[in-house]
Each structure stands twice: as C-alpha cells, then as structure tokens.
Amino acid sequence: MKFNQKTTEPLGFQLTPMLDVVFILLIFFVVTQKFILNEQDLDVEVPTAAGDEKDATRAIDEVIINAREVLADEPDSEIRARDKAANRKVGELVITINRQDYTLEQLDVPLRNLVNINEKQPVCIRADKDMRWEKVVQVVERCTSAGVYNVRFKKVKPGESQADIAKAAKG
C-alpha cells in the first residue's frame with residue numbers, strides 16, 4: 001500500500017464520505033415520500049384532462065385539498081363502510097387536508113390559518129371525478145372567503161390511470 005509523503009493516510013478512494021452522502025439522500029427520499037402520501041386521499045379519483053407540462057409543477061408550500069361527495073351507489077365497499085361508520089349522508093361533502101377530515105363549514109379555520117402565515121398561499125383542489133360541479137364551486141367559494149386566491153385543480157393526464165397514480169404514491 002502506498003502512503004502520502006506528508007501524512008500517514010493511504011492514497012486512494014475514500015469510501016466513508018460517499019456512504020454519508022448516500023445515506024443522507026436515502027433519508028431525504030424517504031421523508032419526501034412520506035409527505036406525498038399524507039397529502040393525497042387515495043379515495044379521490046381525479047378526472048382526466050389534457051394540459052401543459054407546467055401544470056405538473058407544484059409549489060413547495062402548496063396545500064392539497066381532497067374533496068369527494070358521499071355517493072349512494074359507491075362501488076368501493078371500504079369507502080362505503082367508512083362513510084357509514086362516520087354517519088355521513090348521501091350528498092355530503094368530505095374534505096381532507098393532511099389526512100384530517102373537514103366538513104365544508106369547518107374548512108374556513110385551517111384555510112384562514114394558512115393565509116395568516118402566507119397571504120399568497122397556493123392551494124390545489126383534488127376533486128373526485130364523480131362530484132357534482134356545484135360541490136366543487138362550494139369548495140372554491142370557501143377558499144376565496146378565507147382569503148385563498150391562488151387555487152388550481154389537479155387532473156390526470158390522458159393515458160394515465162388512477163391505479164398507476166395510487167401505486168406510485170404507495171411506493
């Protein structure tokens with residue numbers, strides 16, 4: 001083994017700093033994935049629409065509002081059971097922010113708290129494709145009454161299935 005003339009350290013590739021960087025990147029990706037899972041309510045099936053690639057970009061501090069309507073003929077038995085356990089009525093709006101459920105009337109409080117921190121707070125509404133447009137408008141009205149004007153809607157690109165998105169979100 002050759003040694004440097006001025007020190008007693010061996011010449012060559014240092015493995016320890018590279019391992020440190022790899023572990024830090026691994027931790028970063030695990031934490032980032034956890035944030036993505038918390039923001040999406042997988043019960044919400046987003047509608048399909050064409051659009052620009054810039055639509056896919058997301059602000060760092062953007063808040064995701066998941067909205068769905070309780071359906072009488074809900075095909076998913078798990079969602080039906082949860083709605084029944086929570087005593088939700090048909091036509092009722094279920095709004096989820098960071099895995100916390102809110103009614104339309106309760107939505108003002110978290111939105112006003114966000115606007116107090118950042119008056120240009122970006123919000124993305126993930127409305128279920130089976131929701132009536134009237135309910136989507138009610139969510140937008142609550143956002144504007146709370147002072148949130150930077151609102152966009154989440155959509156799925158044509159050819160991209162909801163199952164693919166759920167699979168990617170679960171990792």
Side-chain angles (χ1 to χ4, degrees), residues 1-68 76 78-79 81-82 85-86 94-103 106-129 139-140 142-144 146-171:
M1 186 178 269
K2 293 183 179 181
F3 287 94
N4 191 338
Q5 298 291 337
K6 296 179 184 176
T7 64
T8 58
E9 293 180 22
L11 296 174
F13 186 68
Q14 297 294 318
L15 194 59
T16 305
M18 187 180 78
L19 288 175
D20 290 344
V21 170
V22 169
F23 284 128
I24 289 171
L25 286 173
L26 179 66
I27 290 169
F28 172 77
F29 289 127
V30 167
V31 170
T32 304
Q33 178 65 23
K34 182 66 178 165
F35 284 132
I36 291 171
L37 289 176
N38 280 339
E39 294 171 347
Q40 290 189 4
D41 181 3
L42 298 179
D43 298 339
V44 175
E45 197 168 327
V46 182
T48 303
D52 297 341
E53 286 301 317
K54 69 178 182 176
D55 290 342
T57 60
R58 176 178 168 212
I60 293 171
D61 58 345
E62 182 177 62
V63 173
I64 308 292
I65 298 176
N66 298 287
R68 70 176 182 85
D76 190 337
E78 187 178 318
I79 296 172
R82 273 189 274 146
V94 179
I95 300 168
T96 308
I97 303 173
N98 289 332
R99 300 215 182 244
Q100 177 70 38
D101 288 343
Y102 297 95
T103 63
Q106 297 169 335
L107 190 58
D108 283 339
V109 174
L111 290 177
R112 287 187 194 280
N113 290 340
L114 290 170
V115 170
N116 287 340
I117 296 169
N118 179 6
E119 62 184 41
K120 294 182 180 180
Q121 177 65 49
V123 169
C124 177
I125 298 176
R126 292 183 72 241
D128 192 73
K129 71 177 186 177
V139 173
V140 174
R142 286 293 172 160
C143 288
T144 56
V148 177
Y149 298 103
N150 189 359
V151 178
R152 73 179 186 95
F153 294 93
K154 178 67 178 158
K155 63 178 174 51
V156 176
K157 295 176 189 154
E160 187 177 38
S161 74
Q162 195 70 28
D164 293 340
I165 293 171
K167 189 185 216 181
K170 288 182 181 177

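Values in this document were obtained by computation on a predicted structure and should not be read as measured data.
- Of the possible donor and acceptor atoms, one in the side chain of Q106 sits under 3.5 Å from a partner among the backbone N and O of T103.
- The CZ atom of R152 sits 10.5 Å away from the CZ atom of R126 when rounded to the nearest 0.5 Å.
- Closest approach of T144 to Y149, counting heavy atoms only: O-OH, 3.4 Å.
- In this structure, CG in N116 is found 11.0 Å from CG in L111, a value given to the nearest 0.5 Å.
- Note that the CG atom of D128 and the CG atom of N66 stand 10.0 Å from one another [nearest 0.5 Å].
- Summarising the geometry of F153 relative to C124, their closest heavy-atom pair is C-SG, 4.2 Å, with the distance given to 0.1 Å.
- Heavy atoms from other residues, nucleotides or ligands lying under 6.0 Å from CD of E119 number 12 at most.
- The backbone N or O of D61 lies less than 3.5 Å from a partner atom in the side chain of Q121, making a donor-acceptor pair.
- A distance of 12.0 Å separates CZ in R112 from CG in L114, rounded to the nearest 0.5 Å.
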Practice task
Dump the intermediate steps for side-chain contact (heavy atoms from CB on, under 4.5 Å) on I79 and R68, then the final yes or no.
Solution key: CA-CA 11 Å; I79 296 172; R68 70 176 182 85; 3.6 Å; yes
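- No side-chain heavy atom of I117 sits under 4.5 Å from any side-chain heavy atom of N113.
- The distance from the CD1 atom of I97 to the CD1 atom of I65 is 4.5 Å, given to the nearest 0.5 Å.
- Between D108 and R142 the shortest side-chain heavy-atom distance falls below 4.5 Å.
- In terms of heavy-atom proximity, I125 sits nearest to C143 at CD1-SG, 4.3 Å.
- A 4.5 Å side-chain heavy-atom check between I95 and V139 finds at least one atom pair inside the cut-off.
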